[in-house]
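A short worksheet on the structure shown next.
Both counts, for ligands and for their atoms, begin at 1 and track the order of listing.
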Amino acid sequence: MESEAVPSRYSRQVLFNGIGNSGQARIIASRVAMVGCGALGTMQASLLVRAGVGTLRIIDRDFVEESNLQRQILFDEEDVRSVMPKAVAAEKKLRSANSLVKIEGLVEDLNASSVDRLLGGFDLIMDASDNFDVRFLINDYAIKNRIPWIYGACVGSYGLTFPVLPGESACLRCIFESAPPAGISPSCDTAGVIGPIVSVIAGMQAAEALKILANQKDRVSRKITTVDLWDNRHEAVDLPSPHPDCPCCGRHAFPYLDGSLGADVTTLCGRNSVQIRRREGAYINLDDLAKRLEPVGRLEKNRFLLRAAIEGYQLTVFSDGRAIISGTYDSAIAKSLYARYIGN
Ligand SMILES: [Zn+2]
C-alpha cells in the first residue's frame, strides 16, 4: 500500500520497526470484535481505537455503575447518572478519540443464538468478558471459523492472558476442559480488583492484537502469562500445542454453539424472575458461597438454599447450581448477576 494511505496521526506506530507502513495499513484495514466492555474492555478498546483498527465492534449487555469508575477508564459520572449502556458510552468516548475508526457499540448479550450475527466476519476477537460460558462460546466459534482470539481475565491484583491461534496453539478447552464449578472462584464483585492489573493484562492483549493485525504472527506470544502486582510475580509457561483429543479443536465438537452446554436461562412468567441452570449439571457449596457473598449482600440460608439481597435484586441459589434471580424479567441482567456473584 502507498505511504499516503496511512494518515500522519499514526506516525509513531509507522516509525516503530515492528509495524511500519505496511503493518499500519493492515491495522487500518482490520475488523476486531470485543466481547465485554468493563475494565479490560475499556482499556483494550482505547488502545485499539487509538492504534487505528478499521472497525471495532463492542458487545456488552451492562449499564455503567458508580463502582465501575475506579477502573473502567472510558466512563464518567454522567454515564452513571444517565444509566448509560456501556457499549453506547464507550462508542461515544472512542469516537472523539479517533473519528477514522468505525466503532459499533452493541447493547447485546452474546449467546448461542446471537453469536453468528455478532461475531461473523471479524479478523480477531478480544475477550473482555467476565465469565467462562462466554469464553467457551467464543472459543467454539473461533476454532470453528479459524479466527484468532485473545483470552484475558483479572481479579484482585492477579491477571492471566494468552492468545488462541486456531490450529497453531492450544485452544481454551485444551487448557480448561470445562468451566470451573460455579460458586468457587472469586470475582471482581466479591474479591475486588485494582486498576493497575487491568491495564497490564489489557495492554498485553492489545499488544498481541497489534502483532496479529499487522501480520507479525511469528512475534505473537506462545505463553500463558500470569501477573500478580501485589505479590510481585510475573510468570509465563509455554502454551501447549493443540491437543488431538481436545473436544473442541481436536474432535470439532462445539457444544457451546449448539447450546448443549452452558447456561440455560428461563424467564419465570408472573414472578418477575429469571431462572439460570447449568446444562452440564453443577454443585455449589452454599457455605463457601455464603462466605464470599457476606461482604456484599444481606443473606438468609437454610440447608436447601442461600438467598442474597444484592443491588436491589434477590438471588436464590440452590446447591445444584440453579439460581433464581428475582427483581427482573431481563435475562441479560440475570446472567450478569449470576456471572458476577455466583458463577464464573
Ligand atoms: Zn483445543
Side-chain atoms of residues 36-48: list all donor-acceptor pairs with protein atoms under 3.5 Å, sequence neighbours left out, distances to 0.1 Å.
from: Thr42; atom 1: OG1; to: Gly38; atom 2: O; distance (Å): 2.9
from: Thr42; atom 1: OG1; to: Ala39; atom 2: O; distance (Å): 3.1
from: Thr42; atom 1: OG1; to: Ile73; atom 2: N; distance (Å): 3.2
from: Gln44; atom 1: NE2; to: Asp127; atom 2: O; distance (Å): 3.3
from: Gln44; atom 1: NE2; to: Gln205; atom 2: OE1; distance (Å): 2.7
from: Ser46; atom 1: OG; to: Arg50; atom 2: NE; distance (Å): 3.3

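By the ring pair (Phe, Tyr, Trp, His ring centres under 6.0 Å) test, Phe176 is found to be paired with Phe132, residues two or more places apart in sequence or in another chain being considered. Annotation: ring pair (Phe, Tyr, Trp, His ring centres under 6.0 Å) contacts of Tyr256 (sequence neighbours excluded): Phe136.
Among Lys93, Gln72, Lys86, Lys92, the one residue that satisfies the side chain to side chain donor-acceptor pair (under 3.5 Å) test with Asp79 is Lys93.
Between Ala51 and Gln13, the closest heavy-atom pair is O-NE2, 3.2 Å.
Distances from the Zn ion (ligand 1) under 2.8 Å pick out these protein N/O/S atoms: Cys171 SG, Cys174 SG, Cys246 SG, Cys249 SG.
For Thr316 and Arg307, the side-chain atoms include at least one donor-acceptor pair closer than 3.5 Å.
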